[in-house]
Amino acid sequence: MPSLQTGPSSDTAARSAELFARARAVTPGGVNSPVRAFNAVGGTPRFIRSAAGAWLTDVDGNEYVDLICSWGPMLLGHAHPEVQAAVQAAVGRGTSYGTPTEPEVLLAEEIVARTPIEEVRFVSSGTEATMSAIRLARGFTGRDVVVKFAGCYHGHVDALLASAGSGLATFAVPGTPGVPTSSTELTLVLPYNDRAAVERVFAEHGPRIACLITEAAPGNMGVVPPEPGFNEFLARTCRAHGALFISDEVMTGFRASRQGQWGLDGAVEGWAPDLMTFGKVMGGGFPAAAFGGRADVMRRLAPEGPVYQAGTLSGNPVATTAGLTTLQLATDEVYAHIGAAADTIRAAVAEALSAAGVPHVVQSTGTMFSVFFTDAPVRDFAGASTTDSAAYAAFFHAMLDQGVYLPPSAYEAWFLSAAHDDRAVQAVLDALPVAAAAAAARSTAGGH
Ligand SMILES: *Cc1c(COP(=O)(O)O)cnc(C)c1O
């Protein structure tokens with residue numbers, strides 16, 4: 001019989017372990033996206049059977065407070081009744097037609113109303129959004145070179161799975177086997193938050209640069225906020241050189257705040273990115289993503305312009321209905337609630353780790369935050385890389401054993417939802433001292 005008490009130990013993960021073994025026989029690593037496999041923390045990923053509000057239930061019947069929230073999308077919590085009802089009604093009308101539909105128009109209008117973009121095109125994943133935005137930037141400018149930052153993740157686009165070359169202004173090398181050198185030899189990779197490096201590559205390669213793409217606030221190396229004015233500086237630098245500024249808000253969009261990171265650090269400054277990308281929250285838990293921006297740029301896209309881009313399921317009526325309903329319900333109160341819960345958990349994590357003598361840096365942007373197990377400042381990927389991943393793994397498993405499902409990697413943001421009520425937050429707080437002690441025992445800094 002499933003154990004429903006908190007504090008599941010690994011022997012209550014028998015059914016997850018069995019499914020994981022079967023999954024590994026038929027799927028590489030047993031998962032459909034690498035981080036889910038627990039490689040960074042060890043152990044058996046819990047196979048989730050259902051979720052409601054802030055809680056996950058695994059196939060063994062264990063319950064967990066969810067601090068992954070599907071890596072961001074579940075802003076309102078799982079199985080939100082109004083989103084469920086809208087989705088069920090949409091499914092009842094058929095699931096895909098390959099024709100234009102009303103929900104696409106409504107979601108496009110909602111996104112255009114909330115953000116600085118003038119026109120938007122829907123796709124099915126964040127990867128497609130960034131890939132298409134870069135193609136459009138290249139088509140619009142007639143240039144080839146793309147600039148990105150180390151530690152920023154923009155999906156698994158070949159040209160962006162790149163590592164810095166031997167010098168700052170030298171072209172990148174493939175970041176993974178399978179990406180040909182020809183896919184990264186037009187990519188430049190710079191340290192994040194480094195204005196001098198940006199100025200240098202634009203001075204050297206400016207006339208060839210089609211675009212610079214950045215996470216609006218990096219969340220994929222843990223949360224590393226842009227230093228004040230950094231995004232605006234990037235936009236101005238791009239403009240001065242005739243390149244497009246692409247702000248990737250796949251993670252931060254409608255998550256960091258009601259308007260995303262742009263609403264936090266740009267809305268009042270009178271500037272806007274040329275192109276933006278969205279995903280995660282705007283799909284309401286379905287595969288939907290988007291890129292959009294200046295009308296004169298977007299009008300270069302087929303069928304209005306010559307730059308080709310297409311998708312069989314793009315703008316899918318069920319996915320756009322889920323996204324639209326989610327955005328309509330994502331009021332200022334929702335963000336205020338998530339922000340308050342995030343503040344409480346952040347402060348408690350810092351307190352528990354301090355009490356246990358574990359070095360840590362807690363960073364946030366809007367309602368997103370993450371914890372680095374380091375005492376070095378974290379303003380770029382080199383800083384993020386100093387995190388003690390063995391200490392994090394110990395912390396992670398102690399939390400999991402107490403019924404809290406954290407991201408199974410030290411380099412990920414922690415996500416909350418509007419459904420994280422006092423009971424869920426308290427369950428996280430209650431688990432922290434034991435987890436902090438576990439981290440201290442494994443910390444290379446030695447703890448007390
Ligand atoms: C998740 C993410 C992507 C990729 O989105 P997928 O839907 O996983 O392809 C791109 N950019 C950022 C900033 C992301 O966080």
Side-chain angles (χ1 to χ4, degrees), residues 31-37 68-75 115 121-137 146-162 175-176 179 187 189 192 211-226 230-231 234 245-257 260-262 264-265 273 275-293 309 311 313-316 319-320 322-323 326 365-370 381 384 407-409 411-415:
V31 293
N32 288 300
S33 200
V35 72
R36 299 177 195 169
I68 302 178
C69 289
S70 187
W71 303 95
M74 308 319 296
L75 185 80
T115 68
R121 163 88 31 107
F122 293 126
V123 292
S124 298
S125 72
T127 296
E128 261 187 281
T130 59
M131 178 188 78
S132 304
I134 285 169
R135 182 183 310 136
L136 178 57
V146 173
V147 181
K148 80 171 289 276
F149 293 106
C152 282
Y153 176 70
H154 305 289
H156 60 101
V157 178
D158 279 4
L160 301 177
L161 291 179
T176 170
V179 171
T187 306
V189 182
Y192 191 64
C211 59
L212 178 149
I213 184 168
T214 182
E215 282 189 66
N220 284 293
M221 50 176 146
V223 174
V224 178
F230 187 62
N231 282 328
L234 296 177
F245 176 52
I246 305 176
S247 183
D248 180 355
E249 294 236 24
V250 170
M251 182 182 285
T252 49
F254 319 112
R255 163 54 77 175
S257 78
Q261 183 66 23
W262 179 77
L264 293 176
D265 69 12
L275 291 172
M276 297 175 85
T277 54
F278 302 101
K280 299 196 169 104
V281 170
M282 63 147 282
F286 282 80
F291 63 103
Q309 190 278 330
L313 292 175
S314 295
N316 174 272
T320 48
T326 298
T365 185
T367 70
M368 287 164 42
F369 66 101
S370 72
F381 186 58
S409 159
Y411 299 96
E412 302 288 353
W414 299 15
F415 294 105

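Everything numeric here is computed off the predicted structure, so don't read it as measured data. In each ligand, atom 1 is the first atom listed, and ligand 1 is the first ligand listed. The residues of the chain are indexed from 1 along the displayed sequence.
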request  = Hey, can you tell me if Phe230 and Phe149 have their rings parallel, tilted or perpendicular (30° and 60° cut-offs)?
outcome  = tilted

ask   = So, the side chain of Ser132 versus the backbone of Ala129: is there a donor-acceptor pair under 3.5 Å, distance only?
value = no

ask   = So do the side chains of Lys148 and His154 get within less than 4.5 Å of each other, counting heavy atoms only?
value = yes

task = Using only heavy-atom distances, determine whether the side chains of Arg135 and Gln309 contain a donor-acceptor pair under 3.5 Å.
result = no

remark   = Across all chains, not counting sequence neighbours, the side-chain hydrogen bond (donor to acceptor under 3.5 Å, both in side chains) partners of Asn220 are Glu215

For ligand 1, what N or O to protein N or O distances fall under 3.5 Å?
| from | atom 1 | to | atom 2 | distance (Å) |
| --- | --- | --- | --- | --- |
| ligand 1 | 5 (O) | Gly126 | N | 3.4 |
| ligand 1 | 7 (O) | Gly126 | N | 2.8 |
| ligand 1 | 9 (O) | Gly126 | N | 3.3 |
| ligand 1 | 9 (O) | Thr127 | N | 2.8 |
| ligand 1 | 9 (O) | Thr127 | OG1 | 2.7 |
| ligand 1 | 11 (N) | Tyr153 | O | 3.3 |
| ligand 1 | 11 (N) | Asp248 | OD1 | 3.4 |
| ligand 1 | 11 (N) | Asp248 | OD2 | 2.7 |
| ligand 1 | 15 (O) | Asn220 | ND2 | 3.0 |
| ligand 1 | 15 (O) | Lys280 | NZ | 2.6 |

Euclidean distance, Trp414 CH2 relative to Thr367 OG1, rounded to 0.5 Å = 14.5 Å

